Novice: 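Sharing a structure, written as structure tokens. Questions coming.
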Amino acid sequence: MTRTRRIKDHHAEGRVFTRRTVIAGAVVAVCFAILIGRLTYLQVMRHDYFADLSQGNRIRIEPIPPNRGLILDRNGVTLATNQPTYQLELIREQVPDVDTTLQGLVDIGLLHPDDIARLHRVIRARRSFEAIPVRLQLTEEELARFAVRRQDFPGVEIQPRLTRFYPARGSAVHALGYVAAISEEDKAKIEETDYAGTTLIGKLGIEGTYETELHGKSGFQQILVNAQGRRVERLGLTVPELSRKEPTAGNDLLLTLDTRLQKVAETALGTNRGAVVALDPSNGDVLALASTPAFDPNVFTRGLAVGEYNALITDVNRPLLNRALRGTYPPGSTVKPLFALAALEYGVVTPEQTHFCAGRWSSPGYGRVRRDWKPEGHGTVNMRKAIATSCDVYFFDIARLMGIDRMAAFVSKFGLGAPTGIDIDGERSGIVPSTEWKKRAYRQKEQQVWFPGDTISVGIGQGQMLATPLQLASAISTVASRGQRFQPRLVKGIRDAVTGQTRELPPITLSPVLLADPAGWEIAIGGMIDVANAPYGTARGAAAKSPYLIAGKSGTAQVFSVASNERIRKAGELAERLRDHALFVAFAPADAPMPKIVVAIIVENAPGGGSAFAAPIARKLLDAYLLTPEELAAQEAKRAPTPVATPRGD
Amino acid sequence: MSANFDSSTHRTLTLTARLLSALHLDGALFAGLLAICATGLGIIYSAAGEDVGMFLRQGGRVVLALAALITFAQVPPRFLRMIAPWLYGLGLLLLLIVMGVGDIGKGAQRWLDLGIIRFQPAEIMKIAMPLFCAWYLHERPLPPSFPTVVVLGLAIAVPTAIIMEQPDLGTAMLVAVSGALVILLAGLQFRYIVGVGALVVGSVPVLWSFFMHDYQRQRVLTFLNPQSDPLGSGYHIIQSQIAIGSGGVFGKGYMNGSQAQLEFLPERSTDFIFAVIGEEWGLIGLTTLLLMYLFVIVRGLYMAATAQDTFGRLVAGSLSATFFVYVFVNTGMVTGLLPVVGVPLPLVSYGGTSMVTLMAGFGILMAVHTRRSLRSREL
């Protein structure tokens with residue numbers, strides 16, 4: 001080829017281009033013809049086949065809900081499991097008339113008339129082809145009743161489902177929480193595809209806080225359904241391949257709770273309103289967490305009728321309230337060991353320095369004359385004896401010497417006035433009063449002023465000071481372990497549903513309380529040992545014939561008024577509601593560098609008033625945890641005839 | 001009365017014609033595009049399960065795309081020719097940047113985030129590629145000589161390979177096609193066409209084993225036998241054919257497609273929207289839509305044939321033909337004629353980026369067409 005430079009020939013190029021464009025146009029036409037041919041094949045010639053596939057012989061994708069993880073106590077006892085039950089589900093598009101169908105279900109006694117309005121709302125909110133549970137947990141008899149009338153209810157089907165079951169009924173319900181129908185608020189928080197087919201979601205407690213661990217992920221399966229939407233094995237000419245994606249089960253949770261101890265706590269509280277928290281001071285494990293009255297969480301899984309739910313929330317004893325975490329009480333004398341430690345830390349007294357208690361206390365500028373709980377006084381007391389006898393006068397004095405802000409700063413180090421950080425939601429902070437706090441708490445200037453008299457009340461755990469039973473247990477646990485602090489926890493391990501491996505969660509250490517002179521711990525603990533063991537101790541009966549050394553501190557919280565929402569009308573009941581709350585904190589063995597258990601007990605409006613009622617509960621818990629069954633039986637035999645309670649002690 | 005009406009109609013028509021010519025728009029093409037967009041919006045409302053939010057978002061994108069069309073229609077083709085090589089260079093540079101970022105991020109990286117706007121450089125390439133090829137051929141004698149074809153072949157291959165690596169097979173293919181069509185329309189001799197064809201066939205095994213991702217290979221295998229993977233990409237093909245086939249001649253009615261409304265059909269508002277139209281509006285609906293597309297394509301090719309210089313001709317021809325490839329690859333995929341390649345149904349599928357690029361392309365097409373007389377006077 002000769003290398004001549006070709007010259008652009010515009011006309012020739014134009015002709016070539018036009019030719020090519022025509023070819024392109026032809027190709028386009030041919031391709032469109034092929035497309036329309038293909039469409040004709042699909043939509044005309046094979047229309048019946050595809051219409052059959054899409055209509056008569058439908059493949060429905062059905063979600064497979066995952067198995068919810070189990071909840072086990074520290075010894076492997078099952079606290080929450082899953083039980084097969086049957087429920088009624090409705091698919092709107094297959095129901096000829098929703099009103100008639102629901103009314104029909106009411107007529108045969110499967111639905112309550114009160115539920116109709118709610119169900120209508122739910123049915124309208126969901127898509128027409130979604131299966132909506134209208135009635136959970138059918139009994140055998142109800143199942144039979146529906147089965148014989150099944151043909152009257154197209155679009156309503158019995159579905160086997162696993163539901164949550166709590167074998168111990170109301171035991172530990174405030175720690176466990178419960179599961180209930182998924183609400184609209186819940187929906188905003190969850191990934192809906194992971195919850196396809198799931199009807200229940202964790203509310204409160206472990207079930208609520210650990211929802212993501214427990215739930216798992218839904219799977220899917222294709223099923224063959226007939227024109228009515230009912231599942232069939234095979235219908236028509238074609239049986240398409242059906243596929244299935246397995247759900248991922250939720251993880252099991254291993255709790256720190258000891259079911260045996262939990263039962264002892266609940267039995268001891270009996271029909272009283274109150275709370276018990278037991279902690280392992282060496283790692284923050286919550287061994288027992290009881291709040292009475294309790295409720296049976298199983299009722300929520302079967303769906304509560306409106307009336308039942310209202311009864312539960314308006315009950316004057318407030319069974320839904322978790323008193324261990326959300327009940328805030330004046331800690332009373334149970335915080336005296338902490339203020340004693342504070343006095344040593346700030347050097348306002350020495351342990352051996354004595355005060356004379358004549359049963360009354362006053363100081364210029366500190367308001368009215370204060371009376372000790374013991375009218376005749378305790379005589380000459382040093383720090384240890386002041387704790388043992390719970391001498392109010394001594395603590396009025398050291399409160400005056402320290403001033404409120406130093407007291408507040410010191411007890412805050414023990415976690416009072418702030419959530420403990422326990423691994424379930426809803427905990428309240430309580431109040432550690434201080435001049436700063438009062439400024440934040442009140443809007444009006446004149447209310448923000450801190451009066452010296454306020455300081456004196458706080459000195460004996462009264463005034464505006466408030467703490468939850470969990471906070472008290474945690475603070476006393478820090479005393480028992482000589483300053484070590486752990487975040488209280490209910491879950492100690494997570495067992496992976498897929499691998500079966502248990503992941504142990506390490507205890508969460510908090511910054512310890514360090515004293516300038518660690519000998520202070522022994523003074524405070526000594527005082528608490530004397531409470532339970534010395535002849536002048538306020539709870540000297542509590543430790544009677546104990547094979548291990550108990551340290552404790554009693555307390556009384558005065559009830560000034562009755563909350564107005566606790567609608568109490570009968571005069572007799574009002575008197576009961578004005579009785580003092582009884583408190584008791586204890587730990588044992590007190591002579592060990594690291595005691596094994598700490599308990600905090602509160603009994604609201606305790607019979608007889610005062611700590612006399614709470615101390616024996618502590619003893620029962622300590623015995624149950626520290627003694628072998630044989631030792632326990634022997635002790636019961638020995639102790640039975642003698643009454644444990646002291647006449648009166650604060 | 002009737003005379004009045006006629007005169008007012010006439011006035012309106014004249015006004016519209018004046019407005020169109022002032023904006024350098026082609027009335028017929030513009031009307032065809034509007035009809036397709038309107039059909040698309042209608043079906044998206046149904047396919048998205050009556051989701052007003054999605055409908056409004058898509059409506060917003062249509063407005064944005066039309067703005068792009070009008071903007072590009074104002075740009076003189078001469079200016080486009082001038083910046084063509086620079087635009088191509090910029091597109092290539094951005095692709096390389098994205099590839100670098102992607103290597104660090106270790107995932108599919110197609111987007112370039114400029115803080116304010118995020119876009120895919122591959123979209124620039126869809127426009128820059130035909131402009132560049134047409135610019136390169138504009139001054140050279142046609143049919144293109146062998147060295148010219150080699151240079152352009154490389155210019156097409158490099159960005160295509162980068163986009164394929166992103167991995168975005170659909171866009172890579174469209175970019176390559178838009179360049180290749182320029183060369184074909186320029187009068188590439190048939191011996192080259194046969195040669196390149198043989199090269200492509202020969203490179204398939206190489207592409208298969210070195211360049212294609214597992215999911216792409218899977219798609220091709222599934223295309224050959226959809227039942228082999230009924231829950232994966234085979235599921236798309238099976239379900240979309242059930243949707244189209246069950247629609248029949250007249251369809252099941254708007255918003256009544258059980259396949260689409262019951263969510264059996266995956267990606268029903270994006271890549272598989274053609275099946276929703278087939279199910280709800282039947283053969284009649286699909287044929288009508290295809291005729292709208294055919295009208296736009298033929299009008300585009302006619303505008304290309306009447307363009308007065310090489311650059312305008314080639315650009316207009318390539319853009320129209322690429323639009324056809326777009327339509328055919330999507331509809332072929334949905335009807336089971338072609339393997340599943342992620343190409344949306346142009347101007348109808350939910351999503352904005354490709355719509356803006358396409359409309360910008362049509363803007364260029366109109367700019368070429370409406371400035372003919374101006375050009376001839378210059379010549």
Side-chain angles (χ1 to χ4, degrees), chain A residues 1 3 5-10 12-56 58-61 93 127-130 220 222 240-245, chain B residues 49 139-143 145 181 184-188 227 230-231 235 238-239 241-249 251-252 257-259 261-264 278-279 282-283 286-287 290-291 293-294 297-298 301-302 304-305 307-310 313-314 317 320-321 324 327-328 331-332 335-337:
Chain A
M1 198 194 264
R3 281 211 164 266
R5 187 171 168 80
R6 286 188 295 157
I7 294 165
K8 263 181 100 72
D9 178 348
H10 287 282
E13 282 179 18
R15 273 200 307 281
V16 169
F17 182 81
T18 311
R19 205 159 55 234
R20 290 282 160 115
T21 312
V22 170
I23 294 173
V27 171
V28 169
V30 169
C31 286
F32 270 79
I34 293 173
L35 264 180
I36 290 176
R38 173 73 177 174
L39 292 177
T40 312
Y41 170 75
L42 292 175
Q43 298 193 294
V44 180
M45 292 163 67
R46 300 211 66 195
H47 170 65
D48 292 343
Y49 168 78
F50 286 119
D52 187 43
L53 273 188
S54 92
Q55 279 296 325
R58 250 186 245 173
I59 299 170
R60 184 176 289 288
I61 296 180
E93 64 167 9
R127 310 196 68 158
S128 62
F129 50 86
E130 264 183 278
F220 291 90
Q222 291 183 324
E241 275 178 67
L242 299 176
S243 56
R244 188 180 160 92
K245 181 180 164 252
Chain B
E139 296 295 338
R140 287 177 172 72
L142 296 179
S145 64
L181 281 169
L184 279 176
L185 290 171
L188 182 70
Q227 296 294 344
L231 256 203
Y235 182 78
I238 295 168
Q239 292 300 336
Q241 289 189 33
I242 293 177
I244 294 175
S246 65
V249 176
K252 296 174 186 171
S258 61
Q259 291 285 321
Q261 301 297 338
L262 294 187
E263 306 186 3
F264 281 112
E279 189 183 20
L283 181 62
L286 287 185
T287 310
L290 285 178
L291 288 177
Y293 278 125
L294 188 63
I297 293 160
V298 169
L301 287 176
Y302 165 78
Q308 284 172 339
D309 71 343
T310 311
R313 225 183 268 169
L314 293 178
S320 310
F324 158 72
V327 175
F328 189 69
T331 53
T335 53
L337 287 174

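The chains referred to below are lettered A, B, ... by the order of the sequence lines, with proteins before strands, and numbering in each begins at 1. No experiment lies behind these values; they were computed from the predicted model shown. Heavy-atom basis, side chains included; hydrogens, waters and symmetry copies ignored.
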Novice: Less than 4.5 Å to any heavy atom of chain A: does that hold for the side chain of B:A186, its backbone, both, or neither?
Specialist: backbone

Novice: In Å and rounded to the nearest 0.5 Å, what is the CG to OG distance from A:D48 to B:S246?
Specialist: 11.0 Å

Novice: Using non-hydrogen atoms and a 4.5 Å limit, figure out which bit of B:T310 sits close to chain A: side chain, backbone, both or neither.
Specialist: side chain

Novice: Look up atom OH in A:Y49 and atom CD in B:Q241, then write down how far apart they are to the nearest 0.5 Å.
Specialist: 9.0 Å

Novice: With a 4.5 Å heavy-atom cut-off, do B:L286 and A:Q43 have their side chains touching?
Specialist: yes

Novice: By a 4.5 Å heavy-atom criterion (distance strictly below it), what part of B:L181 contacts chain A: side chain, backbone, both, or neither?
Specialist: neither

Novice: Please round to the nearest 0.5 Å and tell me the distance separating atom CG of B:L314 and atom CD of A:E13.
Specialist: 8.5 Å

Novice: For residues 23-37 of chain A, please give each side-chain donor-acceptor pair under 3.5 Å, one per line with the distance, not counting sequence neighbours.
Specialist:
none

Novice: Counting only non-hydrogen atoms closer than 4.5 Å, does B:A304 touch chain A with its backbone (N, CA, C, O), its side chain (CB onward), both, or neither?
Specialist: both

Novice: Between chain B and each of A:R38, A:M45, A:R46, count heavy-atom pairs under 4.5 Å; write down the option with the most.
Specialist: A:R38

Novice: Among residues at least two apart in sequence or on other chains, which ones pass side chain to side chain contact (heavy atoms under 4.5 Å, CB included) with B:V249?
Specialist: A:V44, B:I284

Novice: Mind checking the CG-OG1 spacing from B:L185 to A:T18? Nearest 0.5 Å is all I need.
Specialist: 10.5 Å

Novice: What part of B:I297 gets within 4.5 angstrom of chain A, counting heavy atoms only: side chain, backbone, both, or neither?
Specialist: side chain

